[in-house]
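Naming convention: chains lettered A, B, ... in sequence-line order (proteins, then strands); numbering from 1 in each chain.
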Protein chains: 2
Amino acid sequence: MNDTIRVVLADDHFFVRDGIKSLLESEKNIVVVGEATDGLEALEVVTTTKPDLLIVDIRMPHHTGIEVVEKLRNQNNTVKIIVLSMHESEEYVLKSIKAGADGYLLKGSSKEEFLKALHAVANGGKYFTGDISSILINQLTSATSTLEPKPALAEDLTITKREKEILTLLLSGKGNKEIAEALEISKRTAEVHRFNLMKKLKVKNLMELSNKATEYSLI
Amino acid sequence: MNDTIRVVLADDHFFVRDGIKSLLESEKNIVVVGEATDGLEALEVVTTTKPDLLIVDIRMPHHTGIEVVEKLRNQNNTVKIIVLSMHESEEYVLKSIKAGADGYLLKGSSKEEFLKALHAVANGGKYFTGDISSILINQLTSATSTLEPKPALAEDLTITKREKEILTLLLSGKGNKEIAEALEISKRTAEVHRFNLMKKLKVKNLMELSNKATEYSLI
DNA sequence: ATTTAAATAAGTATTTTTACTTAATTATTT
DNA sequence: AAATAATTAAGTAAAAATACTTATTTAAAT
């Protein structure tokens with residue numbers, strides 16, 4: 001595509017850098033233009049050599065790889081960055097993404113995957129190894145993911161104030177008795193409210209109530 | 001780890017199925033127990049052969065691979081599913097995740113990646129090829145990303161595979177009887193699993209279970 | 001001032017869940 | 001091969017929820 005990819009390696013272990021270097025040597029359009037053995041040095045070397053790509057280990061003395069990413073992005077440095085990690089750490093993966101890394105690889109990656117990631121990132125893409133996909137998927141499926149178009153508020157069903165109170169307590173894990181106590185009403189009353197709620201929402205048990213309630217964000 | 005992984009292949013092209021089969025043949029603990037040439041057949045074969053894993057192509061006559069995933073999940077079928085696709089389509093990737101696929105591979109995947117994904121998914125993990133990470137990252141970084149608050153996984157509590165299945169069904173609104181039917185076990189067994197779950201999580205009712213489970217993202 | 005709607009509560013009967021215990025069968029690990 | 005862990009399932013008894021119905025007492029709207 002375009003000319004050579006200029007790479008900086010940052011890892012405190014010589015043998016790791018060497019391993020990567022020999023791996024990259026076989027590729028003709030990749031050249032390692034700098035190396036660093038800790039976070040501070042990595043920042044320096046990137047600033048002076050202005051590489052296309054920085055491959056940085058997470059665990060390093062003086063600033064972790066993630067901190068390096070953060071600092072570079074804070075100074076609006078658009079160098080592409082691939083973070084290397086020993087293990088599949090959810091915390092590290094998410095922090096790396098947030099910091100602005102373009103890729104995330106495990107040290108056990110195959111040469112093929114390594115090069116694939118390198119080219120993908122150098123070409124402006126992202127590459128996060130499939131090994132950590134569970135983390136990404138968890139993030140996407142949990143919480144307020146953008147996957148759902150819109151919960152679509154219920155139009156005709158009306159929930160009364162009291163029913164909403166009961167709902168809240170119900171979803172917090174309270175039983176009828178506890179709800180009755182909390183609201184200083186009879187247990188039977190709490191039961192009726194619960195019954196009416198379930199009828200209104202057309203559900204047949206607590207979990208469906210819970211699911212539907214959150215779906216329509218009634219709480 | 002455990003015994004053989006029983007696989008069903010669903011793809012309308014004979015040569016694709018054959019290619020995958022020959023690729024899987026080299027693995028001793030993987031056995032292809034069924035094949036399907038369209039979506040409907042895939043649903044049938046999965047129902048009858050009850051495999052551990054379904055490898056399904058996106059493009060198929062009568063129901064796409066994604067529709068197959070949706071239908072299976074709607075009937076609470078917990079078979080592991082890897083979706084195969086020709087191209088990196090954002091729409092397909094996101095729809096697959098939403099539908100409940102456990103993995104996503106491009107047809108150009110290497111044998112190594114294919115097997116890695118297969119084992120990861122068979123063991124209850126997720127595997128979405130690094131080639132599509134840009135899509136995942138985009139989703140995560142755009143919109144309301146939940147990158148900040150991390151509830152921190154519970155350290156010592158271990159939830160078994162079966163318990164996780166029960167949990168999922170429980171949270172989907174199923175009662176013990178329905179769970180028993182879905183999993184083809186006795187109602188009493190379902191009750192015991194539920195009891196053990198609640199004991200492990202130290203909760204005293206369904207809603208607390210639900211809340212704690214989502215808090216620690218056990219589902 | 002009245003209807004209407006909301007909140008209150010009891011009755012009854014059936015079903016489900018809770019809270020254990022015991023124990024036989026697999027699976028998995030050592 | 002032995003030990004440990006997971007899955008299976010039955011028993012028992014008390015507690016809670018489900019599924020209603022009926023009915024009185026506030027509150028709010030017309």
Distance check: side-chain N/O of [X] vs OP1/OP2 of [N], anything under 4.0 Å?
{"X": "B:R188", "N": "D:dT8", "result": "no"}
{"X": "B:T189", "N": "D:dT8", "result": "no"}
{"X": "A:N176", "N": "D:dA17", "result": "yes"}
{"X": "B:S186", "N": "D:dA10", "result": "yes"}
{"X": "A:H193", "N": "C:dT8", "result": "yes"}

Check this for me: does any side-chain nitrogen of one of B:D102 and B:R73 sit under 4.0 Å from a carboxylate oxygen of the other? yes
- Does A:E191 come within less than 4.0 Å of A:R194, counting only side-chain N to carboxylate O? no
Atom-pair distance ([atom1] on [X]; [atom2] on [N]), nearest Å:
{"X": "B:L197", "N": "C:dT18", "atom1": "CG", "atom2": "P", "result": "11 Å"}
{"X": "B:E191", "N": "C:dT16", "atom1": "CD", "atom2": "C1'", "result": "8 Å"}
{"X": "A:K161", "N": "D:dT26", "atom1": "NZ", "atom2": "P", "result": "17 Å"}
{"X": "B:N196", "N": "D:dT7", "atom1": "CG", "atom2": "C1'", "result": "10 Å"}
{"X": "A:K202", "N": "D:dT18", "atom1": "NZ", "atom2": "P", "result": "18 Å"}
{"X": "A:M207", "N": "D:dT18", "atom1": "CE", "atom2": "P", "result": "13 Å"}
{"X": "B:K204", "N": "D:dA16", "atom1": "NZ", "atom2": "P", "result": "11 Å"}
{"X": "A:I179", "N": "C:dA9", "atom1": "CD1", "atom2": "C1'", "result": "16 Å"}

Report task. Quick one: label A:K187 by what it contacts on the DNA or RNA (base, sugar-phosphate, nothing), any heavy atom closer than 4.0 Å. Result -> nothing
Q.
Base, sugar-phosphate or nothing for B:R162? Non-hydrogen atoms, less than 4.0 Å.
A. sugar-phosphate
Would you confirm whether [X], through its side chain, and [Y], through its main-chain N or O, come within 3.5 Å as a donor-acceptor pair?
{"X": "A:Q139", "Y": "A:L136", "value": "no"}
{"X": "B:T129", "Y": "B:I132", "value": "no"}
{"X": "B:R6", "Y": "B:T49", "value": "yes"}

On DNA chain D, more 5' by nearest nucleotide between A:F195 and A:K177 is A:K177
Which of C:dT8, D:dT7, C:dT21 is nearest the side chain of B:T160? It is D:dT7
